[in-house]
K.L.:
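Starting off with a structure, shown below.
Fair warning: this is a prediction, and the values are worked out from it, not measured in the lab. Just so you know, residue 1 is the first one in the sequence shown, and it goes up from there.
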Amino acid sequence: MSIDPESLEAGMIVTKLAFDDIPEHNFQIDDVHDGCIGGFSLNGPLKGE
């Protein structure tokens, strides 16, 4: 399932699929601007980052 990047907004929680050595995790979006998304991981090895 893919998400339309235009529908992303601050406060949303999305699941990022596993990539490289980072497992699947939930990510909370803090801000979206010019195609860039800022936020932090809610679980997994990057929790809080």
Side-chain angles (χ1 to χ4, degrees):
M1 176 180 177
S2 72
I3 297 174
D4 175 14
E6 298 295 319
S7 69
L8 298 175
E9 56 187 52
M12 292 180 83
I13 295 174
V14 296
T15 299
K16 293 183 76 171
L17 300 178
F19 61 96
D20 296 332
D21 292 334
I22 300 173
E24 179 177 293
H25 61 282
N26 294 328
F27 184 83
Q28 183 168 343
I29 299 171
D30 280 339
D31 56 80
V32 179
H33 55 86
D34 299 326
C36 296
I37 299 169
F40 59 94
S41 296
L42 297 173
N43 57 356
L46 299 175
K47 183 177 179 178
E49 296 189 34

K.L.:
Linking I/L/V/M/F/W/Y whenever their side-chain heavy atoms sit closer than 4.5 Å, directly or via other members, would Val32 and Val14 fall into one cluster?
P.N.:
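Yes, same cluster.
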K.L.:
Taking side-chain contact (heavy atoms from CB on, under 4.5 Å) as the test, write out the residues that go with Asn26, two or more places apart.
P.N.:
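Result, side-chain contact (heavy atoms from CB on, under 4.5 Å) vs Asn26: Ile13, Thr15, Leu42, Asn43.
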K.L.:
To the nearest 0.5 Å, what is the distance between CG (Leu46) and NZ (Lys16)?
P.N.:
8.5 Å
K.L.:
Which side-chain N or O atoms in residues 4-12 pair as donor and acceptor under 3.5 Å with protein atoms at least two apart or in another chain?
P.N.:
from : atom 1 : to   : atom 2 : distance (Å)
Asp4 : OD1    : Glu6 : N      : 3.2
Ser7 : OG     : Asp4 : O      : 2.7

K.L.:
How many angstroms lie between atom CZ of Phe19 and atom NE2 of His25, to the nearest 0.5 angstrom?
P.N.:
5.5 Å
K.L.:
What pairs with Lys47 under side-chain contact (heavy atoms from CB on, under 4.5 Å), at least two apart in sequence or on another chain?
P.N.:
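By the side-chain contact (heavy atoms from CB on, under 4.5 Å) rule, Lys47 matches no residue at all.
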